[in-house]
Number of protein chains: 2
Amino acid sequence: MSQAPLACRPHNHDHCVDHALQDAEQRCSARGVRLTELRKRVLELVWQSHQPLGAYDILEQLSQQDGRRPGPPTVYRALDFLLEQGLVHRLASLNAFLGCTHPEHGGGGQFLICRQCRVAVELEHSATDQAIAQAAASVGFAVEQPMVEVLGLCARCQTREGA
Amino acid sequence: MSQAPLACRPHNHDHCVDHALQDAEQRCSARGVRLTELRKRVLELVWQSHQPLGAYDILEQLSQQDGRRPGPPTVYRALDFLLEQGLVHRLASLNAFLGCTHPEHGGGGQFLICRQCRVAVELEHSATDQAIAQAAASVGFAVEQPMVEVLGLCARCQTREGA
DNA sequence: AAAGTGATGTTATTCTATAACGATTCAGCC
DNA sequence: GGCTGAATCGTTATAGAATAACATCACTTT
Ligand SMILES: [Zn+2]
Ligand SMILES: [Zn+2]
Ligand SMILES: [Zn+2]
Ligand SMILES: [Zn+2]
């Protein structure tokens with residue numbers, strides 16, 4: 001065990017948000033797709049913490065900001081766009097969305113989800129990718145979208161629980 | 001690549017069902033829990049194929065068998081029992097349930113889900129378990145419930161698609 | 001039989017996601 | 001500027017998945 005990830009330690013989270021938004025701008029303009037105001041706002045809301053956020057939570061916060069509430073499709077369309085661009089992930093085990101911390105990698109990644117503090121950390125652990133590839137190959141299965149979501153306790157919450 | 005799993009090949013599926021039901025009887029009586037008629041019926045419905053089945057599909061089939069339809073809680077309670085006993089799995093990426101083919105192992109297992117024929121195969125690939133354990137350990141995360149669901153094409157459907 | 005526990009039935013509700021259609025905005029062109 | 005097609009967003013209604021709360025039934029123990 002080396003070091004707990006940034007997400008699990010106190011840190012200046014504004015840096016995370018700023019970096020994510022800037023990176024998203026760049027990425028979208030490079031691809032010729034439009035990071036509209038709504039999409040940017042949704043991305044910012046998803047990034048407001050390292051805890052996955054439900055679509056209806058996003059909806060709620062949007063409606064509080066604006067005074068009126070858009071329909072669910074408005075939020076889901078923005079999320080679909082962000083998913084397509086690889087800027088957020090959807091965690092199937094939580095029905096919730098999380099800002100992507102590894103937009104440079106194409107693959108699925110692995111997610112470690114703390115049942116206590118709800119923080120989710122994204123990894124790009126190639127040995128896991130390879131192990132899954134090997135397992136699939138052993139039965140002739142062609143992998144398209146691997147999904148790894150691990151529920152457990154983050155480093156921080158382990159020490160708290162021990163106390 | 002050695003051999004495609006039974007689930008992906010033509011086989012006498014009655015054997016699968018019989019074995020699963022008998023094994024479930026044994027397991028439950030050994031633990032002093034009751035595999036009631038309803039629970040057995042739900043288990044049998046889940047085992048009717050190697051394709052994960054939604055709770056509302058089970059509900060539908062129950063209602064067709066009986067002429068009247070119970071409420072969703074009836075089905076979900078039976079499924080909860082079967083999940084607790086490790087007799088079925090829930091696939092979060094599909095919101096669907098699948099008979100367990102490895103009741104002897106406690107762990108989560110890995111699931112290979114064919115997007116074409118919808119068959120899902122459960123593996124117990126220790127190298128994958130270990131890789132995940134190692135990835136988690138590297139950031140001080142304590143694994144409790146690893147979840148691996150891989151979408152792709154099974155061996156059978158690859159040859160079909162190539163044709 | 002009486003009481004207690006577990007299992008099931010029933011109704012209503014919550015949470016998540018999508019379908020369908022209309023209105024708006026934007027980019028490129030006349 | 002004004003026009004046009006395409007993308008985006010708004011709005012309403014609906015589908016799909018899961019649970020809450022409470023009543024009833026069954027099975028066991030005394
Ligand atoms: Zn941060
Ligand atoms: Zn934690
Ligand atoms: Zn079979
Ligand atoms: Zn297949």
Side-chain angles (χ1 to χ4, degrees), chain A residues 24-25 28-29 31-46 51-85 87-98 118 147 149, chain B residues 24-25 28-29 31-46 51-85 87-98 118 147 149:
Chain A
E25 297 270 19
C28 288
S29 82
R31 290 182 203 160
V33 296
R34 295 176 46 203
L35 184 61
T36 64
E37 203 50 37
L38 175 66
R39 290 165 175 172
K40 202 192 299 185
R41 284 177 69 196
V42 170
L43 182 58
E44 193 171 1
L45 286 171
V46 168
Q51 303 167 346
L53 196 62
Y56 280 75
D57 296 326
I58 296 171
L59 195 53
E60 171 63 22
Q61 302 208 25
L62 278 180
S63 72
Q64 287 192 3
Q65 290 177 3
D66 294 354
R68 73 202 151 80
R69 101 162 1 187
T74 298
V75 168
Y76 279 102
R77 276 189 294 237
L79 287 169
D80 286 343
F81 171 85
L82 296 170
L83 285 169
E84 277 167 22
Q85 302 305 319
L87 298 172
V88 304
H89 295 283
R90 179 176 182 274
L91 300 189
S93 60
L94 300 178
N95 294 331
F97 300 83
L98 181 68
R118 296 283 157 194
M147 174 203 129
E149 299 180 15
Chain B
E25 297 270 19
C28 287
S29 81
R31 291 182 203 161
V33 295
R34 296 176 46 202
L35 184 60
T36 64
E37 202 50 36
L38 175 67
R39 290 165 176 173
K40 202 192 298 184
R41 284 177 69 197
V42 170
L43 181 58
E44 193 171 1
L45 286 172
V46 168
Q51 303 167 346
L53 196 62
Y56 280 74
D57 296 326
I58 296 171
L59 196 51
E60 172 62 22
Q61 303 208 27
L62 279 179
S63 71
Q64 286 192 1
Q65 291 177 3
D66 294 355
R68 74 200 149 80
R69 97 161 7 188
T74 297
V75 167
Y76 278 102
R77 276 189 295 238
L79 287 170
D80 286 343
F81 171 84
L82 296 170
L83 285 169
E84 278 167 21
Q85 302 305 320
L87 299 172
V88 304
H89 295 283
R90 179 175 183 274
L91 300 190
S93 61
L94 300 178
N95 293 332
F97 300 84
L98 181 68
R118 295 283 157 194
M147 178 178 302
E149 300 180 15

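Worth saying up front: this structure is predicted, and the values here are computed from it rather than measured. Here is the naming used below: chain letters follow the sequence lines, and residue numbers restart at 1 for every chain.
For the side chain to side chain contact (heavy atoms under 4.5 Å, CB included) criterion with B/Val42, the lone passing option out of B/Leu79, B/Thr74, B/Thr36 is B/Leu79.
In this structure, B/Glu44 places its CD atom where only 12 or fewer heavy-atom neighbours from other residues, nucleotides or ligands lie under 6.0 Å away.
Note: CD1 (A/Ile58) to P (D/dC9) measures 14 Å, nearest angstrom. The CD-P distance, from A/Glu84 to D/dA7, rounds to 12 Å in whole Å. One can place CG of A/Leu35 at 13 Å from C1' of D/dT8, the figure rounded to the nearest angstrom.
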- Message: I'd like to compare against my own output: the B/S/- annotation of nucleotides 3-20 of chain C with a strict under-4.0 Å heavy-atom distance to protein.
- Response: ----SBBBB----BBBB-

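Counted by atom type alone, B/Glu60 and B/Gln64 present one or more donor-acceptor pairs between their side chains at under 3.5 Å. Side-chain contact, B/Arg39 with B/Gln85: no donor N or O sits under 3.5 Å from an acceptor N or O.
Between B/Leu94 and B/Arg118, the shortest heavy-atom distance links the atoms CD2-NH1, 4.1 Å.
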